[in-house]
Amino acid sequence: MINVNELTHDYGHGRGVFEVSFDVDKGETLGFLGPNGAGKSTTMRHLMGFSKPQSGSATIDGLDCTRQSSEIMKRVGYLPGEVALPDGLTGAGFLKMMNELRGGGIDRRAQELLERFKLDPSGSVKRMSIGEKRKLAVAAAFMGDPEILLLDEPTSGLDPIMQEEFISLIKEEKQRGRTVLLSSHIFAEVEALCDRIAIIKDGRLVSTVDAAEIRHGLNNIITVGFENEKDFAEFGNGSFDFRLRDRSSLKCSVVVDDSDINRFIKAIKRFAIRSFEEHSVTLEEYFMHFYKSNKTFGGVSYA
Ligand SMILES: Nc1ncnc2c1ncn2[C@@H]1O[C@H](COP(=O)(O)OP(=O)(O)OP(=O)(O)O)[C@@H](O)[C@H]1O
Ligand SMILES: [Mg+2]
């Protein structure tokens, strides 16, 4: 449904997006994750046709994001990362304007959302709080019940109750088969909503991972400390998926998934063991490592 192909826009000094490629299937929610300045909003702006790629291309449901951007504006619900609302309008006035831009006659959904998010649209947008502006932008993005949603840090600025409300809204939209691209820094949100996660850093896509795989594979790191070097070395030469073998502390960390647990227990029974720790790696730790170290999980040591 969304296709980004070698998208490149170089703003100089290493800034911008470089050869970014990914797809979002119909009905899928792709999380778009990466540190500040990584290129998430830039990619989304290109998808909406607000910026033109220097090379590469992007399409949404077959429509070219640059050449057919007015068509895309009608079809896609976009929640910008930074909401800039025109001064001198009321909330209702803004929604009316957006409604007209998107073809008109479609404001019932916006009305429902204003009620759901408890926002009175009669006040001037200039006087709205950050969260109120975000709520108005959410209503505008969902107006017309679009099949495709591009949501750039959708819950930033919302209070915890409204964040929860928003997460249930997206869950409902997922159930209705919507296609969603969602950028976020909130790992819990990504974990709750996304089917796959694309990781971007310094304008380049580093990897795309299956959310279920991460959740599963990361929960089973076991660190075993041995009494002596001989046992440490013998175990350390075995055929396990080692994350760490540290001779000074005589500790090995191993990824043990459910299918391998019996073999692992049999193996360690033969050795003199000083300590045993199960380390649950959360999605947050996984991504913090990535944010800090520019490495994917495979190369990271957990002591
Ligand atoms: N029009 C522009 N002119 C010059 N530089 C730009 C322009 N647009 C974006 N950039 C640069 O491109 C980089 C990516 O910015 P972008 O807003 O896409 O980051 P982001 O991943 O959305 O970050 P954040 O998490 O902070 O929202 C930044 O270094 C930014 O300064
Ligand atoms: Mg951004």
Side-chain angles (χ1 to χ4, degrees), residues 2-24 29-60 65-66 69 72-73 76-85 130-131 133-138 140-141 148-158 162-163 166-167 170 180-194 196-209 211 283-296:
I2 301 174
N3 173 262
V4 178
N5 184 26
E6 303 274 307
L7 186 80
T8 300
H9 199 136
D10 187 346
Y11 293 114
H13 308 283
R15 292 173 169 194
V17 287
F18 307 94
E19 292 163 7
V20 169
S21 299
F22 62 87
D23 292 303
V24 191
T29 300
L30 182 74
F32 204 22
L33 215 73
N36 292 133
K40 303 178 294 295
S41 300
T42 302
T43 305
M44 287 185 166
R45 277 199 302 272
H46 280 79
L47 279 167
M48 288 306 291
F50 301 141
S51 304
K52 203 175 156 213
Q54 287 165 341
S55 63
S57 61
T59 60
I60 296 181
C65 294
T66 309
S69 86
I72 282 177
M73 297 248 285
V76 177
Y78 172 58
L79 179 62
E82 286 148 47
V83 176
L85 300 168
I130 291 173
K133 285 180 185 155
R134 298 288 304 178
K135 290 177 183 182
L136 191 63
V138 168
I148 303 149
L149 294 155
L150 299 186
L151 308 172
D152 195 355
E153 293 187 50
T155 58
S156 83
L158 296 181
M162 290 303 144
Q163 285 189 7
F166 186 84
I167 288 174
I170 299 298
V180 186
L181 175 65
L182 175 149
S183 86
S184 177
H185 292 290
I186 302 165
F187 302 114
E189 181 173 294
V190 171
E191 191 164 17
L193 297 175
C194 298
R196 276 189 310 141
I197 299 159
I199 302 170
I200 187 168
K201 188 158 184 183
D202 299 330
R204 290 175 195 279
L205 213 68
V206 183
S207 66
T208 307
V209 284
L283 199 64
E284 179 149 355
E285 285 174 278
Y286 176 92
F287 287 115
M288 280 311 275
H289 260 274
F290 165 77
Y291 272 47
K292 286 177 185 163
S293 70
N294 198 19
K295 279 181 191 154
T296 52

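Remember, it's 1-based here, ligands and their atoms both numbered in the order they're listed.
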Within-cutoff protein neighbour (heavy atom, under 4.0 Å) for atom 30 (C) of ligand 1: no
Numbering as shown, the atoms of ligand 1 that approach Glu153 to under 4.0 Å (heavy-atom distance): 24 (P), 25 (O), 27 (O)
Minimum-distance pair of heavy atoms, taken over all atoms of Ile130 and Gly157: CG2-CA, 4.4 Å
Any N or O of Gly37 closer than 3.5 Å to N or O of ligand 1: yes
Atoms in ligand 1 with a heavy atom of Ser41 nearer than 4.0 Å: 17 (O), 18 (O), 20 (P), 22 (O), 27 (O)
Under 3.5 Å: N/O of Thr43 near N/O of ligand 1: no
Closest contact, heavy atoms only, Glu6 versus Ser21: N-OG, 2.8 Å
Atom indices of ligand 1, in the order listed, that fall short of 4.0 Å to a heavy atom of Arg45: 8 (N), 9 (C)
The one among Thr42, Asp202, Asp10 that brings a heavy atom closest to atom 16 (P) of ligand 1: Thr42
Within-shell test, Gly81 vs ligand 1, heavy atom, strictly < 4.0 Å: no
Over all atoms of both residues, closest heavy-atom pair of Val17 and Gly39: CG1-O, 3.5 Å
Heavy-atom gap His185 to ligand 1 smaller than 4.0 Å: yes
